[in-house]
Amino acid sequence: MDDIDQAVIRCVLRNARATYAEIGKAAGLSPSAAKRRLDRLVATGAIRGFSALVDPQALAWHTEAFVEIYCKGNPTPAQLTKALEDIPEVIEACTVSGAADAMLYMLARDIPHLEQAIQRVRSTAPVDRTESAIVLSRLLTRPRL
């Protein structure tokens, strides 16, 4: 990956709906060359997809929690992903070192909604139990690269 590829990626990270002209301008390319670069980055898997970032406040989802998952047996990351992907309140999921098998970042409207979502997580096949920490206030949030 060269500097031009990195410029293309930075541009689409800022705005996944950027035009080829905008991508080209950011990377010093013509629009057609920007399209070829972007297509190659998608084809090689460097860019796995494009998405919309929805402000949780717009959904009125104000309750945040970090949830540790402890599993029965030894499920693979793919099995955990499959178990969690249909629970929209799970915003992020990662396998982690330590006692827990995975860590979730969850969003919900309120505590009852969060409780229902955590119960759905608990009812998935690989999950034995969970431990939750509800976010009281955000101290720092940085954009991801």
Side-chain angles (χ1 to χ4, degrees), residues 1-110 113-114 116-118 120-122 124-145:
M1 181 169 300
D2 62 16
D3 291 342
I4 295 173
D5 288 337
Q6 291 180 21
V8 169
I9 289 171
R10 278 193 306 275
C11 183
V12 295
L13 278 174
R14 279 191 306 276
N15 179 8
R17 294 181 53 149
T19 65
Y20 295 125
E22 292 167 333
I23 296 167
K25 182 176 180 182
L29 299 170
S30 68
S32 60
K35 180 189 183 318
R36 286 191 301 274
R37 282 284 181 139
L38 186 62
D39 289 346
R40 184 178 52 77
L41 289 166
V42 170
T44 62
I47 294 176
R48 294 184 294 183
F50 301 88
S51 63
L53 296 175
V54 178
D55 182 353
Q57 303 298 319
L59 297 173
W61 286 19
H62 305 287
T63 304
E64 302 174 86
F66 291 95
V67 179
E68 292 179 320
I69 292 181
Y70 298 84
C71 295
K72 302 171 207 161
N74 190 19
T76 65
Q79 290 169 319
L80 280 174
T81 300
K82 180 97 172 107
L84 299 169
E85 65 189 356
D86 289 332
I87 302 172
E89 295 86 356
V90 175
I91 305 303
E92 294 183 33
C94 305
T95 56
V96 294
S97 62
D101 293 294
M103 177 73 75
L104 308 180
Y105 172 68
M106 297 182 70
L107 275 174
R109 283 185 308 278
D110 50 27
H113 180 201
L114 178 64
Q116 292 167 357
I118 291 172
R120 287 198 312 275
V121 169
R122 288 180 182 155
T124 63
V127 175
D128 183 37
R129 67 184 178 90
T130 63
E131 289 188 22
S132 307
I134 295 172
V135 174
L136 299 177
S137 63
R138 288 203 154 268
L139 302 176
L140 179 65
T141 302
R142 291 191 172 127
R144 295 184 182 210
L145 300 177

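Start at 1 with the first residue, then count along the sequence.
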Atom NZ of K82: over 12 foreign heavy atoms under 6.0 Å: no

Step by step, work out the side-chain contact (heavy atoms from CB on, under 4.5 Å) result for T124 and R120. CA-CA 7 Å; T124 63; R120 287 198 312 275; over 6 Å; no

Taken to the nearest 0.5 Å, the spacing of I47 CD1 from R40 CZ works out to 9.5 Å

Considering all heavy atoms, the nearest A7-A26 contact: CB-O, 3.9 Å

Considering only heavy atoms from C-beta outward, does the side chain of L114 approach that of E89 to under 4.5 Å? no

Please test R37 against D2 for side-chain contact (heavy atoms from CB on, under 4.5 Å), starting from the C-alpha separation and ending with a verdict. CA-CA 11 Å; R37 282 284 181 139; D2 62 16; 2.9 Å; yes

Do V12 and L41 pass the side-chain contact (heavy atoms from CB on, under 4.5 Å) test, and can you show the C-alpha distance, the side-chain angles, and the key distance before you say yes or no? CA-CA 11 Å; V12 295; L41 289 166; over 6 Å; no

Less than 4.5 Å apart, side chain to side chain, heavy atoms only: is that true for P126 and L80? yes

Donor-acceptor contacts under 3.5 Å from residues 96-107 side chains, at least two apart:
| from | atom 1 | to | atom 2 | distance (Å) |
| --- | --- | --- | --- | --- |
| D101 | OD2 | C71 | N | 2.6 |
| Y105 | OH | E64 | OE1 | 2.1 |
| Y105 | OH | R138 | NH2 | 3.0 |

Smallest heavy-atom separation, A117 atom then I87 atom, equals O-CG2, 4.4 Å

Roughly how far, to the nearest 0.5 Å, is the CZ atom of R10 from the CD1 atom of I23? 13.0 Å

At what distance, to the nearest 0.5 angstrom, does CG of D3 lie from CE of M1? 11.0 Å

Just how far is it from atom NZ of K35 to atom CG of L29, taken to the nearest 0.5 Å? 13.5 Å

To the nearest 0.5 Å, atom CD1 of I134 lies from atom CD1 of I118 at 7.0 Å

Quick one: which residue pairs count as a ring pair (Phe, Tyr, Trp, His ring centres under 6.0 Å) with a foot in residues 22-62, not counting sequence neighbours? W61-H113

Under the criterion side-chain contact (heavy atoms from CB on, under 4.5 Å), I'd like the reasoning laid out for Y70 against V127: C-alpha separation, chi angles, the key distance, then a yes or no. CA-CA 6 Å; Y70 298 84; V127 175; over 6 Å; no

Exercise: identify the closest heavy-atom pair between G45 and R48: O-CG, 3.5 Å

